[in-house]
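Step one of this worksheet: look at the structure below.
Basis for what follows: all heavy atoms, side chains included, without hydrogens, waters or symmetry-related copies. Each chain gets a letter, A, B and so on, in the order its sequence line appears, and its residues count up from 1.
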Amino acid sequence: MVIINMAKIELPKQYKPKESEEQLLEFWEKEGIYAFDTESDKKIYSIDTPPPTISGKMHIGHAFSYAQQDFIARFKRMKGFNVFYPFGTDDNGLPTDRLVEKTKNVKSGDMERKEYVKLVLKTLEELRPKFIADWKKIGMSCDFNIYYTTIDEHCQKISQKSFIELYKEGREYRKDAPTMWCPECKTGVSQVECEDKMFDSFFNDIIFRIDGKDVIIATTRPELLPACVAVFYHPDDKRYQKYEGKTAKVPLFDFEVPVLPDERADPEKGSGIVMCCTFGDQTDMEWQKAHNLPIKLALSHEGKMTEIAGRYSGMGIQTARKMIIEDLKDNRLLISQTPIKHAINVHERCGTEIEFIKSKQWFIKYLDLKEDMIKWGAELNWYPKHMKHRYDNWVKGLQWDWLISRQRHYGIPFPVWYCKKCDEVILAKEEDLPVDPLEDKPPVDKCPKCGCAEFKPEKDIIDTWATSSLTPQLCTQLLKNKPIYKKLFPMDLRPQAHDIITFWLFNTVVKSRLHYDKNPWKDVVISGHAQDPHGKKMSKSKGNVVDPREMIEKYNADALRFWAAGTKLGDDLPFMEKDLVTANKTITKLWNASKFAIMHLEDYDGKFDTSKLEVIDRWILSRMHKLIKSCTESFEVYEFSKTKAEAEKFFWQDFCDNYMEIAKHRLYNPDTYGVDARKSAQYTLYTVVLNILKLFAPIMPYITEATYQIYFAEKEGIKSIHNSSWPEYDKKVIDEKAEAAGELVVYAVTNARRAKSDKNVSLKTPIVNMVLKSKLSNDEFKAVERDIAVTTIAEILRYEQLDKDSKIDYEHEIEL
RNA sequence: GGGGCUGUGGUCUAGUGGCUAUGACGUCCGCCUGACUCGCGGGAGUUCCCCAGUUCGAAUCUGGGCAGCCCCACCA
């Protein structure tokens with residue numbers, strides 16, 4: 001009698017994710033499981049983690065995209081890399097600024113810059129720990145000790161240094177030029193910060209006097225009439241050619257402007273003749289430049305009408321528009337109004353219509369580099385490939401140099417003063433950084449150019465993107481004092497979502513090129529977006545947003561990650577709560593299957609001569625190694641969804657539904673089937689379960705670790721599954737003959753089940769008589785005969801070998 | 001207007017030339033089989049968006065449509 005002991009290991013009956021996740025987080029942190037080893041010689045894999053904006057809370061899109069990048073980090077770690085995976089928060093910029101204005105109910109403009117910045121930093125201190133906790137909870141395996149915030153001193157220094165260097169390279173200039181301006185935020189904005197919004201408006205047909213005749217001109221912006229500087233028609237437009245060289249009298253304001261031909265005027269639009277106001281839109285600016293027209297400013301920085309608007313000055317845009325339309329009507333200068341819906345550029349942060357206003361701004365000159373930019377993009381490895389099109393498309397469409405100054409209080413100051421007399425730019429000294437010119441003195445006593453001893457500080461701040469485009473420097477320079485620092489840059493990976501290819505990714509490439517003439521990373525991995533269940537974009541205004549924290553609370557982090565692994569890299573994925581239910585089932589199944597295995601492994605000493613393996617064990621092991629090969633190949637090219645799907649299928653179907661059911665009998669009854677048969681199953685169970693856990697570990701770090709800790713950690717002698725090695729494919733384990741035999745077993749078992757199901761009887765019901773036919777030899781059949789008979793409960797089992805040329809591979813007869 | 005992605009059973013999804021087209025959810029029928037009812041077994045259900053072509057053979061390649069989504073531009 002062989003005594004088997006299954007009772008010693010204390011196994012919790014159920015997996016309790018909430019308790020488990022909390023404990024494991026602590027364990028990982030305490031043991032430094034994800035710590036970057038600064039002393040190691042191992043190959044480094046460095047990740048330029050996107051710093052999430054601290055403006056509030058994590059949304060489901062974050063959870064989705066950060067989970068995906070974490071899969072990669074964990075995979076690489078198990079592959080033996082020393083993974084450099086820092087964490088930062090983006091606390092710079094308008095979103096933070098507006099968040100503080102809102103929550104603290106202040107206006108930054110009404111406060112001293114110093115005071116205001118203090119308040120923001122204090123608010124951030126309050127918000128940050130809670131915010132970062134969300135990222136830890138979803139199981140991010142960052143080294144949270146390698147941390148930066150884009151507003152801290154370290155980052156200010158690097159950002160200001162970047163500015164100084166680029167200035168010295170001649171890449172930066174300051175210019176009084178029309179720029180896109182947000183009257184609400186009272187700052188210049190760049191091309192990427194704008195978005196389209198549909199508005200109801202009117203096409204107003206108003207009368208200009210040209211050469212003694214009434215000419216109708218259509219406009220949506222009558223309030224810009226005082227800034228009218230010319231009137232344009234298309235050179236081929238016969239209706240208006242006769243007015244060439246004449247002047248047009250602007251209604252209400254009664255001044256004359258030239259009538260000029262220009263191809264940019266579209267004869268099809270409106271009346272075919274158009275007014276040019278400085279500045280209504282981009283074309284106006286082009287016209288102004290091309291025809292060397294004067295610049296008239298009808299709008300102030302606050303979005304109010306200026307003095308050239310005469311009696312309308314001081315009014316807001318909307319009020320002025322209304323008044324002017326009234327007055328045009330009263331003077332019979334307005335022929336008609338056609339209601340239209342049209343898209344207008346608005347500031348994405350506040351939804352305010354963008355105006356073009358002349359102001360002094362800092363730019364990075366880069367329009368001359370468009371061809372190079374395309375080359376730089378082509379040097380990156382894009383995953384998925386097609387995402388590169390977005391980069392190229394953006395570069396081709398670039399029309400402006402990079403506007404980097406912002407007229408806000410909160411942010412990183414320009415390290416610049418100007419000579420009061422000659423406006424010479426005085427840069428801070430590198431060793432003094434970071435500086436705040438409003439507080440600090442310039443590094444010179446006299447202007448080197450004119451000798452003047454008085455200076456004025458730059459009040460503007462550097463746009464947040466000009467800093468966040470330095471993340472590779474921001475994170476790697478945290479380890480500047482360690483020898484390993486040199487090995488961190490260029491980095492291996494930039495993971496991010498596709499919506500910010502055009503700015504964050506693009507800007508980072510540009511900065512890295514301008515500074516180092518090198519790309520900042522080798523690979524870019526682009527994730528998609530989480531969508532609502534109907535495949536629509538989630539947005540606060542639509543009210544279809546899902547809070548990931550609620551979902552983690554209701555289900556668990558692994559379930560959310562499991563969902564995030566459910567789609568091809570780069571694809572958007574609809575969020576459906578039922579997917580989390582499904583995920584939970586897999587988690588439970590994993591727990592139960594492991595529990596079953598561990599129960600049977602209590603007396604297993606790890607020693608087994610694999611030449612004695614049973615055929616059916618060789619079958620599952622062979623299949624497992626094929627799985628390992630495929631999963632590894634998928635993961636290497638960042639296709640984690642394939643890894644997940646294949647591992648899941650193998651686990652659930654091959655292993656649980658088939659293998660375990662077949663092997664059970666040997667495990668429970670060594671007396672009947674022999675100790676070696678049991679040992680063979682134990683070896684297989686140990687190997688397969690451990691490897692399944694490992695394959696799932698990057699996707700579901702909690703359940704796999706929890707299970708690993710109960711049994712395998714001690715046996716394997718490695719503290720955490722996340723520090724263990726990724727399963728390795730072993731060609732020697734592939735056994736086609738065993739697989740063929742296994743297939744016959746599965747065929748027999750499936751058909752036995754079907755026969756019982758057809759009769760609506762329990763699977764326990766014995767089969768009276770079963771005949772099996774296949775191409776396996778009689779000896780090959782013999783090796784699995786017992787497995788078939790026991791699993792199907794067949795009382796009589798006969799076998800016939802089919803002819804080699806038979807068209808049929810299997811045949812069966814079953815009698816219940 | 002330019003660019004890109006997608007279009008597979010009721011729903012979501014796998015599948016880049018060749019088996020009865022994958023899996024999940026749902027649905028229907030049955031089963032408490034010594035890990036698991038968050039389970040087990042089985043069934044039904046797909047003109048693989050449409051048209052044409054290439055091919056011995058197409059969900060898969062080519063061309064042309066149609067539809068959805070996203071990005072960019074224009075917006076008098």
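- The residue A:Glu661 sits close to a base: some heavy atom pair falls under 4.0 Å.
- A:Trp287 and A:Phe232 have parallel rings, their planes meeting at less than 30° on a 0 to 90° scale where 60° marks the start of perpendicular.
- Between A:Trp394 and B:C70, a side-chain N or O to OP1/OP2 separation shorter than 4.0 Å is absent.
- Formation of a donor-acceptor pair under 3.5 Å by the A:Tyr711 side chain with backbone atoms of A:Leu601 is found in this model.
- Dashed line: the shortest gap from a side-chain N or O of A:Thr220 to OP1 or OP2 of B:A76 is under 4.0 Å.
- Which of B:U11, B:C40, B:A76 sits closest to the side chain of A:Met576 comes down to B:U11.
- If you check B:C40, B:C38, B:C25 against the side chain of A:Lys578, the one that comes closest is B:C25.
- B:C69 is paired with B:G4 under the criterion used here, namely a Watson-Crick or G-U wobble arrangement in which both key atom distances are under 3.5 Å.
- If you check every strand for non-hydrogen atoms under 4.0 Å, A:Ala265 touches a base.
- Among the protein residues, A:Lys269 comes within range of the nucleic acid bases, having at least one heavy atom under 4.0 Å from a base atom.
- Within 4.0 Å of A:Ala593, counting heavy atoms only, lies at least one base atom of the nucleic acid.
- Using a 4.0 Å heavy-atom criterion, one finds that A:Asn584 contacts the bases of the nucleic acid, with or without backbone contacts as well.
- A tilted orientation is assigned to the rings of A:Tyr686 and A:Tyr604, their planes being inclined by 30° to 60°.
- Contact check, A:Arg221 against B:A76: no side-chain N or O comes under 4.0 Å of OP1 or OP2.
- Side-chain contact of A:Arg754 with A:Asn751: a donor-acceptor pair under 3.5 Å is present, judged by distance alone.
- Closest approach to the A:Thr283 side chain among B:G30, B:G42, B:C74 is made by B:C74 (side chain taken as heavy atoms from C-beta onward).
- Rounded to whole Å, the separation between the P atoms of B:C69 and B:U8 comes to 15 Å.
- In this model, the phosphate group of B:C5 is not approached by any side-chain N or O of A:Lys568 to a distance below 4.0 Å at OP1 or OP2.
- Rounded to the nearest Å, the gap between the C1' atom of B:G30 and that of B:U37 is 14 Å.
- If you take atom P in B:A52 and the same atom in B:U46, they sit 23 Å apart, rounded to whole Å.
- Which of B:G4, B:C70, B:C71 sits closest to the side chain of A:His498 comes down to B:C70.
- In summary, the side chains of A:Ser630 and A:Glu646 do present a donor paired with an acceptor at a separation below 3.5 Å, with no hydrogens or angles considered.
- Within 4.0 Å of A:Thr582, counting heavy atoms only, lie sugar-phosphate atoms of the nucleic acid but no base atom.
- Residue-to-nucleotide proximity on RNA chain B shows that, of A:Thr502 and A:Phe232, the 5′-proximal contact is made by A:Thr502.
- At the heavy-atom level, A:Lys589 lies under 4.0 Å from base atoms of the strands shown.
- Under a cut-off of 6.0 angstrom, the local environment of NZ in A:Lys370 is crowded, with over 12 non-hydrogen atoms contributed by other residues, nucleotides or ligands.
- Backbone-only contact: A:Thr750 has heavy atoms under 4.0 Å from sugar-phosphate atoms and none from a base.
- Checked against a 6.0 Å centroid threshold, the rings of A:His665 and A:Tyr673 do not count as neighbours.
- Between A:Lys585 and B:G39 there is a side-chain N or O to OP1 or OP2 distance below 4.0 Å.
- Comparing the P positions of B:G65 and B:U27 gives an interatomic distance of 43 Å, to the nearest angstrom.
- Of the listed nucleotides (B:C12, B:C29, B:G23), B:C29 has the atom at the smallest distance from the side chain of A:Asn760.
- Here A:Asp657 lies in heavy-atom contact (under 4.0 Å) with sugar-phosphate atoms only.
- Across all strands shown, A:Asp499 has no heavy atoms under 4.0 Å from either base or sugar-phosphate atoms.
- An OP1 or OP2 oxygen of B:A73 is reached within less than 4.0 angstrom by no side-chain nitrogen or oxygen of A:Gln399.
- Nucleotides B:U13 and B:G53 are separated by 32 Å at their P atoms, to the nearest Å.
- Base contact: A:Met660 has a heavy atom under 4.0 Å from a base atom.
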